[in-house]
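Note that the numbering runs from 1 along the sequence shown for the chain.
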Amino acid sequence: MPTKDMITSADLADLRRSALGTANPLGVAADLADAVEQGRLAEPNDAGDALTLAAEIAEVRARLDAALRYADRAVAAYPSGDDARAGFARALRARILFRSGGREDEAMAELTALRPLLTEQPDAPAYVSAALDAGGRSATAEEWLSEAADTLLGQRATAAGGPAETASVTAGAAVEVGPPESPGVLFFLLQQRHRVRRNLNMPHDRTDDLADRLENQLLRRAQQQTGEPDLVFFPRPEFDRLLADQPALTETYGPDWDAHRARLEKELVRLAGTGRAGLHVLRGSVDGLTGHAGRQNGDPAEPQVRAGYARELEARPAWIPWPPERNDACWCGSGLKYKKCCLPRSRS
């Protein structure tokens, strides 16, 4: 990277995306460190971020001595150890210590000090568990993440008036994920725990179920903001009644039951293609939708009312899992095998 008189925050963001693809990544790292030393940062508060990026580049290029020097400087550059950005730099330092060999105790001491952040900062579960994994301690990561999840769920259960030992049930039933741009600490904690357990080939447990539900809930909220379809399914008698009572919903749910099922199957296939797991449809009813609309003083044709009804269904356990096996009964309840019923609808 050519030396610049000043390096801006935007420059740092660009370098984070492109530095490893340059002809001399280690030169980029060295220039970032020099920029901090020479006062060439447009925003002095970017010093820790610039040095952290330099440490990441050097670590990827297996220059661990340089990476550790940059990481030490990055940690010292943040105004406080409580700074949210400092946590990542400290975890990176621990990761480098693990890779350096013979310094495992130092690495674990650093990560143990960061452990309380698992219940406080949304990024902490990812960077702490990544550092532990680098040291061959994925099982420890699962233990820490599980204990942190139990702590947060226990707090929610207590707030809801239930015993802490039933946290994943009591709190899980009432947990609401935050908006797509800020889902909340618990969401990221549960998702990272879920990933670590999956990588360890551990069996799916009730807290994993909650992680799946919250992920689907978040996706649904994002869909509501972008106008993407929900996954509410109306069995044949309910669908016919729905369109008879609410003909304005033809455009939303389909002009007939075949189109309704095809719409859902195509959306499920699309979501599966993005890597989503734990997919399911939500069994709806006319009485349920109109009842929800009445409680909200709204109309079933209003998008916000339908979105609220989908959230209400999401909080219940009566989902229809998807996909079934090819030779199993189709999810739509037609009585036909999946391969003869809704599976081909995604291709039509």
Side-chain angles (χ1 to χ4, degrees), residues 7-20 25 28-29 32-33 35-36 41 43-100 103-104 106-138 140-142 144-145 148-149 152 181-196 199:
I7 296 177
T8 67
S9 298
D11 292 330
L12 286 177
D14 288 340
L15 286 170
R16 184 166 293 281
R17 292 188 294 268
S18 64
L20 290 174
V28 173
L32 287 170
V36 174
L41 294 181
E43 295 291 338
N45 286 339
D46 285 341
D49 293 346
L51 289 163
T52 298
L53 177 55
E56 290 182 271
I57 295 170
E59 184 204 16
V60 170
R61 303 297 290 184
R63 298 297 180 89
L64 298 181
D65 287 346
L68 188 57
R69 288 197 303 273
Y70 296 146
D72 285 339
R73 290 178 59 190
V75 171
Y78 287 109
S80 167
D82 296 330
D83 189 303
R85 299 170 300 170
F88 178 83
R90 293 172 65 189
L92 173 62
R93 180 178 183 276
R95 195 168 75 202
I96 297 166
L97 288 170
F98 275 133
R99 294 189 61 194
S100 298
R103 306 188 69 174
E104 290 81 3
E106 291 178 69
M108 282 302 299
E110 187 77 87
L111 293 175
T112 299
L114 294 176
R115 188 174 177 180
L117 298 183
L118 295 174
T119 59
E120 300 170 6
Q121 296 182 7
D123 293 341
Y127 62 65
V128 170
S129 60
L132 287 167
D133 181 68
R137 289 165 168 77
S138 292
T140 299
E142 193 278 332
W144 287 11
L145 294 170
L152 289 185
E181 65 274 13
S182 181
V185 173
L186 180 59
F187 174 82
F188 289 109
L189 174 60
L190 292 177
Q191 296 307 312
Q192 187 62 30
R193 176 186 181 274
H194 194 18
R195 293 187 194 98
V196 170
N199 290 339

Please report, to 0.1 Å, the donor-acceptor pairs under 3.5 Å made by any side chain of residues 126-134, with sequence neighbours excluded.
from	atom 1	to	atom 2	distance (Å)
Y127	OH	Q121	OE1	3.3
S129	OG	P125	O	2.6
S129	OG	A126	O	3.2
S129	OG	Q192	NE2	2.8
D133	OD1	S138	OG	2.5

Checklist line | T112 side chain reached by W144 side chain, heavy atoms, under 4.5 Å | finding: yes

Notebook entry, point to check: Do any pairs count as a salt bridge (Lys or Arg N to Asp or Glu O under 4.0 Å) and have a residue in residues 43-54, sequence neighbours left out, and if so which ones?
Noted result: D49-R85

Item checked: Pairing residues for R95 by the side chain to side chain donor-acceptor pair (under 3.5 Å) criterion, not counting sequence neighbours -> E59

Next item on the list: Identify the two heavy atoms, one from A55 and one from L92, that lie closest to each other, and give their separation to 0.1 Å.
Entry: CB-CD2, 3.7 Å

Margin query: Just verifying a value: how many Å separate R193 CZ and L186 CG, rounded to the nearest 0.5 Å?
Written below: 11.0 Å

Margin query: Less than 4.5 Å apart, side chain to side chain, heavy atoms only: is that true for L12 and L32?
Written below: yes

Notebook entry, point to check: Considering residues at least two apart in sequence or located in another chain, which fulfil the side chain to side chain donor-acceptor pair (under 3.5 Å) criterion with S100?
Noted result: none

Check: Considering only heavy atoms from C-beta outward, does the side chain of V196 approach that of N199 to under 4.5 Å?
Finding: no

Check: Mind checking what makes side chain to side chain contact (heavy atoms under 4.5 Å, CB included) contact with P25, not counting sequence neighbours?
Finding: L20, T22, I57, R61

Next item on the list: Search all heavy atoms of L117 against all heavy atoms of G87 and return the closest pair with its distance.
Entry: CD1-CA, 4.3 Å

Note to self: Using side-chain heavy atoms (C-beta onward) and a distance below 4.5 Å, is L15 in contact with V28?
What the structure shows: yes

Next item on the list: Search all heavy atoms of L118 against all heavy atoms of A148 and return the closest pair with its distance.
Entry: CB-CB, 3.9 Å

Checklist line | Non-neighbouring partners of A89 that pass side chain to side chain contact (heavy atoms under 4.5 Å, CB included), sequence neighbours left out | finding: T52, A74, V75, Y78

Next item on the list: Check each of E110, E106, E104 against F98 using the side-chain contact (heavy atoms from CB on, under 4.5 Å) test, and report the only one that passes.
Entry: E104

N/O donor-acceptor pairs under 3.5 Å from side chains in residues 65-73, not counting sequence neighbours:
from	atom 1	to	atom 2	distance (Å)
D72	OD1	R93	NE	2.5
R73	NH2	A33	O	3.4
R73	NH2	E37	OE1	3.4

Margin query: Show me the pairs that pass salt bridge (Lys or Arg N to Asp or Glu O under 4.0 Å) and involve residues 111-125, at least two apart or across chains.
Written below: R115-E147

